[in-house]
Amino acid sequence: MIRVDGRTLRCADVVTAASTEGPLGIDVSIAALRGAESAWKLAEELSTRRIVYGRTTGVGANKEDPVGEGESPDHGLRLLRSHAGGSGDVMSPGQTRAMMLIRLNQLLAGRAGLSPVLIGALADAVRTGALPLVHRLGAIGTGDLAPLAETALALTGERPWLTGGVPPVPVQAGDALAFMSSNAATLAEATLAAMRLDTLTRASHVVAALTYIALDGNPEAYATPVHEARPHAGQVACAAEMRRLLGMEGTPKPGRRIQDPFGLRAFPQVQGPALDAIHYLRDVLAVEINASTENPMISTVHQDAYHHAHFHTAYVSTALDQVRATVHQVAELSVARLGDLVEPEFTGLRPFLAAGPSGSSGVMILEYVAHDALTELRQAALPATLGTAVVSRGIEDHASFSTQAARAATAAGAAYQQVLACELVAAVRALRMRKAELVSLPARDAYETAAAVLDPSVEDRPLTDDIARAVSLLDTFARV
């Protein structure tokens, strides 16, 4: 049961909603509903005695155009129809479910001024698993106007539902902007991507630990005194996790080399920034999914409306850019460790972990797959925040492009898991061929889990299934 009260929604709840097909158990706060209704009544009253953007006026560059009293009943529908111009692919069901939950939660923060009837219809759609047909394209990080307008029109009965549906409800003049004024679709994708990258970075400790064992790594690089000397939080956490996985209490066995290649030796220093960046991103998203971003904001405490720029998501876009850049560096180390695993100087095995006749290729193809995926990740890591846009006749003269940054984070996660899977396939094969003794190391559980799933044969053969199975193991590894 997910609590929806405008204050306590968690990133994990968003993931749960996205992965739940059909009805979703939600506990909608009655007190929050009453607060939202009070804001709606205040917004209606304020619109009779002062200018309120989007309610008594047009939007964007039409902010100075008053809405005549006779036009008011149709004003909301006209705004929704004109903004429901999304295009491109249909948004995935998971992102759509997450978007609807986030928007419902934001509305229950009680500062939108949206009619209780529309909030109730959205809650019913979330609860029953109804999904509107929503397109991906139509936002630049200053409000997900197109996808949210499409959602609102589905609630009114004017647009189709992909799955299920709810009885149509009327739209009041002030409902249109109040419903659209949010980045819920972008936050949905950003949250799902952030949580996926969080899982992958946790799993990467286990993959790196298996490679460390296969290569007889030097434990000094992870020693507590080393990281006490430069105690960045993520770096310290990574080193501690490696010590745990590798059973480095007391005096660990010395490594084969005085210094390992950077893929092992510098892992805490490179993984640390990624861990810190993901932690920061999750903090940003925890604020955003519980935030009132509607412009104008209706404050029942102050009995007034405030015009502002909470729709601008620079916090989200810059945090996403940082995460993708740091994860790319970690992925580079994974590819470097894969290179070490196919090198006889480091493993004492044949080139490419081959086991057949002379000239056998072994896992040679893994490097090509990993570098292909790494290149895709590199493209996804390019900053989205370096561009901008001037729209609506110059009135809206800056954009965060958090929407595009979130899409890139999704692509980064898909590429990174392929990189890790390639390293994992090679590490497990090397450990099998060396018949490494893992004694009671915590990493042993991960090895045994992988060994039970990955094909034990070492003759030259397609490794496509091995890579796919390795990807499926990463969620489990994140919990080792």
Does the distance from a Lys or Arg side-chain N to an Asp or Glu carboxylate O, for E241 and R244, drop under 4.0 Å?
yes
Taking OH in Y315 as the centre, count heavy atoms belonging to other residues, nucleotides or ligands within less than 6.0 Å. Is the count above 12?
no
Heavy-atom side-chain proximity of Y306 to P296 below 4.5 angstrom:
no
Anything under 3.5 Å between a donor and an acceptor, one on a side chain of residues 273-281, the other on a protein residue two or more places apart or in another chain? List them.
unit_1 : atom_1 : unit_2 : atom_2 : d
D276   : OD1    : G234   : N      : 2.9
D276   : OD2    : G234   : N      : 3.3

Would you list the pairs meeting salt bridge (charged side-chain N to carboxylate O under 4.0 Å, His left out) in which at least one residue belongs to residues 98-114, sequence neighbours left out?
R103-E294
Kindly state each residue pair satisfying ring-ring contact (aromatic ring centres under 6.0 Å, His included) with at least one member in residues 184-211, sequence neighbours excluded.
H205-F267
Tell me, please, which residues at least two apart from H227 pass side-chain contact (heavy atoms from CB on, under 4.5 Å).
Q235, V236, A239, P268, Q269
K41/E45 ion pair, N-O < 4.0 Å:
no
How about CG on L162, more than 12 heavy atoms from neighbouring residues, nucleotides or ligands closer than 6.0 Å, or not?
yes
Out of T8, D13, N290, which residue meets the side-chain hydrogen bond (donor to acceptor under 3.5 Å, both in side chains) rule with N105?
N290
List, one per line, each side-chain donor-acceptor pair under 3.5 Å for residues 143-150, sequence neighbours excluded.
unit_1 : atom_1 : unit_2 : atom_2 : d
D144   : OD1    : T186   : OG1    : 2.8
D144   : OD2    : A184   : N      : 3.3
D144   : OD2    : A185   : N      : 2.8
D144   : OD2    : T186   : N      : 2.7
D144   : OD2    : T186   : OG1    : 3.4
E150   : OE1    : H135   : N      : 2.8
E150   : OE2    : G86    : N      : 3.4
E150   : OE2    : H135   : ND1    : 2.9

Taking only residues two or more places apart in sequence or in another chain, which ones pass ring-ring contact (aromatic ring centres under 6.0 Å, His included) with Y416?
none
Heavy-atom neighbours of E21 CD exceed 12 at 6.0 Å:
no
